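Report on the structure given below.
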Amino acid sequence: MSTPPDARGARGEHKPIRRTPRAAAEGRWGVLPTRWRLRRSPRWWQEILFILISYLLYGQVRNNVGGGVAADCGARNTLSDLQREACGRALDIWLFEKRIGAGFELAMNNYVADIEWLAHIANYWYAIAHFLVTVGILVWIYKWHPLQYRGLRTALYSTNVVALLGYTFYELAPPRMLTQIGFIDTIVLYGQWGSWGSGGVAAVSNQFAAMPSMHVAWSTWVAIALVRLSPTTWARVCGVVYPLATFVVIVVTGNHFWLDALGGLVALWLGFLIQRVLSGQPAVDIHLEEERAATAL
């Protein structure tokens, strides 16, 4: 095989063609890098702008659907028609769970409410981890697994769109509003900052966006990313434990029924399905990671 002219020096000697990582990733040689080009992540400033705009729109729609001050479902005379409907649905869910022998939320909520230090941990977990962990994993994927970023990000955002449909057409009060049954809002109980669903920030958040639970949907998305992409066992174990711990937190703080958590899993499944339909590819393609490593070698 003859050597390309640009690989020869002035005297005809062979010189190696230098291929930069960026050139390889952009598909200037071979079929494989071209596949990478279709999956590579956008520029960081474009993604930050996209995330900010998307979250603002998501929050605007979410909070405009039934937003308002916190309600007490036990004081029906003080409720609006919308609040009565949302409280009625919450009561129906509770009675259904009791009928099938799965109404364990009240006992868990009351148990943690009696232990102040444990309630504080659950409150802060509910308020902070939901955002920090999800954003942290997004950054991690963008930095270390750029070929998987677009797919996973699209699945997450599609899940949010599905959730907005739930908030719009099935407004539901959280268990903490069912004070007549005995549920306790642990954040209000201890006067602690932390939740968009309680206290001073209640007026700017939708109080009836309990179905589906995005805490469960996002935490399970984190678990999928870690289990599929992390090379370390301890990170994969943390990925599995994280949504399980989040599920316990949303129950003991009185913010969700277990059926809300199931709704979050359904929303996440639909989010991944939408991503697959839009792109024609799975959100996570491990073969790309293996091929990238082999090409780098």
Side-chain angles (χ1 to χ4, degrees), residues 22 24-27 30-65 130-131 133-170 206 209 211-230 239 242-243 260-292 295:
R22 181 178 179 83
E26 290 182 351
V31 176
L32 173 61
T34 301
R35 293 178 58 205
W36 295 2
R37 181 172 54 191
L38 298 176
R39 293 290 294 261
R40 66 183 180 184
S41 55
R43 297 185 184 276
W44 65 269
W45 62 268
Q46 293 174 331
E47 190 60 18
I48 290 177
L49 183 62
F50 176 73
I51 290 175
L52 289 176
I53 294 175
S54 299
Y55 183 75
L56 288 174
L57 292 175
Y58 170 79
Q60 187 70 21
V61 174
R62 178 184 185 273
N63 296 336
N64 281 341
V65 179
H130 178 52
F131 294 100
V133 174
T134 305
V135 172
I137 294 300
L138 271 173
V139 173
W140 173 71
I141 298 170
Y142 183 92
K143 175 67 176 178
W144 299 106
H145 301 277
L147 301 182
Q148 315 295 343
Y149 181 80
R150 285 186 184 272
L152 283 168
R153 182 256 274 157
T154 301
L156 180 64
Y157 280 37
S158 298
T159 300
N160 294 341
V161 172
V162 173
L164 288 177
L165 296 177
Y167 302 151
T168 302
F169 298 106
Y170 192 77
N206 181 7
M211 174 66 81
S213 168
M214 283 295 93
H215 279 73
V216 169
W218 286 17
S219 61
T220 305
W221 176 88
V222 167
I224 292 172
L226 286 176
V227 170
R228 296 299 305 278
L229 298 179
S230 178
Y242 177 55
D260 301 337
L262 181 60
L265 294 178
V266 172
L268 181 65
W269 177 79
L270 290 173
F272 274 95
L273 179 62
I274 292 171
Q275 182 278 329
R276 183 62 184 263
V277 171
L278 291 176
S279 67
Q281 304 176 53
V284 181
D285 189 348
I286 299 300
H287 296 300
L288 286 177
E289 298 282 324
E290 298 171 349
E291 292 165 351
R292 181 189 184 196
T295 302

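Note that the coordinates shown come from a computational prediction; the quantities given were computed from them, not determined experimentally.
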| said: Between Tyr149 and Leu138, is the side-chain contact (heavy atoms from CB on, under 4.5 Å) condition met? List the steps. | reply: CA-CA 8 Å; Tyr149 181 80; Leu138 271 173; 3.8 Å; yes
| field | Which atom of Ala217 lies closest to which atom of Thr159, heavy atoms considered | value | CB-CG2, 4.0 Å
| task | List the steps and the verdict of side-chain contact (heavy atoms from CB on, under 4.5 Å) for Leu226 and Trp140. | result | CA-CA 10 Å; Leu226 286 176; Trp140 173 71; 4.0 Å; yes
| task | Check whether any side-chain heavy atom of Thr220 sits under 4.5 Å from a side-chain heavy atom of Leu265, and report yes or no. | result | yes
| task | For Ser158 and Gln275, work out which heavy atoms get closest and say how close. | result | OG-N, 4.5 Å
| field | Closest non-hydrogen atom pair, Val284 against Gln148 | value | CA-OE1, 3.4 Å
| note | Looking only at heavy atoms, the pair that brings Pro212 and Gly264 closest together is CB-N, 3.4 Å
| Looking at CG of Asn160 and CG of Leu268, how far apart are the two atoms once the value is rounded to the nearest 0.5 Å? | 10.0 Å
| task | Locate the shortest heavy-atom distance separating Trp221 from Leu156; write the atom from each residue and the value. | result | NE1-CB, 3.7 Å
| task | Could you tell me whether a side-chain N or O of Trp144 sits under 3.5 Å from a main-chain N or O of Ser230, the two making a donor and an acceptor? | result | no
| note | On a heavy-atom basis, the closest approach of Met211 and Tyr167 is O-CD2, 3.4 Å
| said: What's the separation between atom CD in Gln281 and atom OG1 in Thr154, rounded to the nearest 0.5 Å? | reply: 10.5 Å
| said: Within a 6.0 Å radius of atom CH2 on Trp269, are there more than 12 heavy atoms belonging to other residues, nucleotides or ligands? | reply: no
| request: Report the relative orientation of the aromatic rings in Trp218 and Phe131; use parallel for angles under 30°, tilted for 30 to 60°, perpendicular for over 60°. | output: perpendicular
| message | Quick one: does any side-chain atom of Tyr142 pair with a main-chain N or O of Arg150 as donor and acceptor, under 3.5 Å? | response | no
| Are side-chain heavy atoms of Ile274 and Val162 found at a separation under 4.5 Å? | yes
| task | Would you check, one step at a time, whether the test side-chain contact (heavy atoms from CB on, under 4.5 Å) holds for Phe272 with Leu152? | result | CA-CA 8 Å; Phe272 274 95; Leu152 283 168; 4.1 Å; yes
